[in-house]
Amino acid sequence: MITIAYWTQSGNTKLMADKIAEGVKAAGKDARVVEISEISASELENENVFALGCPAMGAEELDADMDTFVAEVEKFAAGKTIGLFGSYGWGDGEWMREWEKRMIAAGATVLNDEGLICQEAPDADAEAACKSMGEALAGV
Ligand SMILES: Cc1cc2nc3c(=O)[nH]c(=O)nc-3n(C[C@H](O)[C@H](O)[C@H](O)COP(=O)(O)O)c2cc1C
């Protein structure tokens with residue numbers, strides 16, 4: 001079972017999460033898509049592979065609730081493979097670069113060496129990239 005935990009304001013990151021789950025399932029594994037308010041970070045502690053999604057908020061920041069969630073994940077992230085993803089609007093992806101650095105500093109491997117970002121709602125190309133991320137998660 002691969003958990004895809006996300007936060008969203010207007011649904012774009014949820015659309016990405018659903019496509020990632022499709023990829024996981026296409027590759028033959030189970031996936032669960034959950035909003036971070038529905039789980040506690042400690043549920044991921046025994047999982048070696050999972051995905052976290054959050055759009056660019058604030059000024060190139062994670063949403064505050066996701067920031068708190070990620071701070072919990074950092075405590076046990078060493079050795080895990082984490083797929084990072086999220087939607088953005090007008091920036092250049094700085095929030096994701098900072099998030100990647102944070103997870104790597106905690107000892108995690110960031111899947112594909114970088115987070116998957118998509119501008120606003122995913123188009124067909126972004127949907128395909130999400131599906132590929134799901135397949136890659138399933139193959140770790
Ligand atoms: C309060 C707020 C802050 C935002 N800050 C940024 C930002 O710093 N950089 C950026 O590229 N987009 C920013 N955006 C745009 C969102 O990241 C973008 O609309 C994204 O698609 C929202 O994803 P969601 O539908 O998953 O909530 C911001 C949007 C809002 C509402």
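Remember, it's 1-based here, ligands and their atoms both numbered in the order they're listed.
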Side chain to side chain donor-acceptor pair (under 3.5 Å) partners of Lys101, counting only residues at least two apart: Glu98
Test salt bridge (Lys or Arg N to Asp or Glu O under 4.0 Å) applied to Glu38 and Arg32, step by step: CA-CA 12 Å; Glu38 298 172 51; Arg32 70 163 175 167; over 6 Å; no
Show me the donor-acceptor pairs, under 3.5 Å and distance only, between side chains in residues 55-83 and residues at least two apart or in other chains.
| residue | atom | partner | partner atom | Å |
| --- | --- | --- | --- | --- |
| Glu60 | OE1 | Glu94 | N | 3.3 |
| Glu60 | OE1 | Trp95 | N | 3.0 |
| Glu61 | OE1 | Ala59 | N | 2.9 |
| Asp63 | OD2 | Trp7 | NE1 | 3.3 |
| Asp63 | OD2 | Asp65 | N | 2.9 |
| Asp63 | OD2 | Met66 | N | 3.1 |
| Asp67 | OD1 | Arg102 | NH1 | 2.9 |
| Thr68 | OG1 | Ala64 | O | 3.1 |
| Glu72 | OE1 | Lys75 | NZ | 3.4 |
| Glu72 | OE2 | Lys75 | NZ | 2.9 |
| Glu74 | OE1 | Arg102 | NE | 3.4 |
| Glu74 | OE1 | Arg102 | NH2 | 3.3 |
| Glu74 | OE2 | Arg102 | NE | 3.4 |
| Lys80 | NZ | Glu45 | O | 2.8 |
| Lys80 | NZ | Glu47 | O | 3.1 |

Table please: side-chain donor-acceptor pairs of residues 120-137 below 3.5 Å, with sequence neighbours left out.
| residue | atom | partner | partner atom | Å |
| --- | --- | --- | --- | --- |
| Asp123 | OD1 | Asp125 | N | 3.2 |
| Asp123 | OD1 | Ala126 | N | 2.9 |
| Ser132 | OG | Ala128 | O | 3.2 |

Heavy-atom side-chain proximity of Lys19 to Leu15 below 4.5 angstrom: no
Near ligand 1, at a heavy-atom separation below 4.0 Å: residues by chain and residue number: Thr8, Gln9, Ser10, Gly11, Asn12, Thr13, Pro55, Ala56, Met57, Gly58, Ala59, Glu60, Ser87, Tyr88, Gly89, Trp90, Gly91, Glu120
Rounded distance (nearest 0.5 Å) linking atom CD1 of Ile2 with atom NZ of Lys25: 11.5 Å
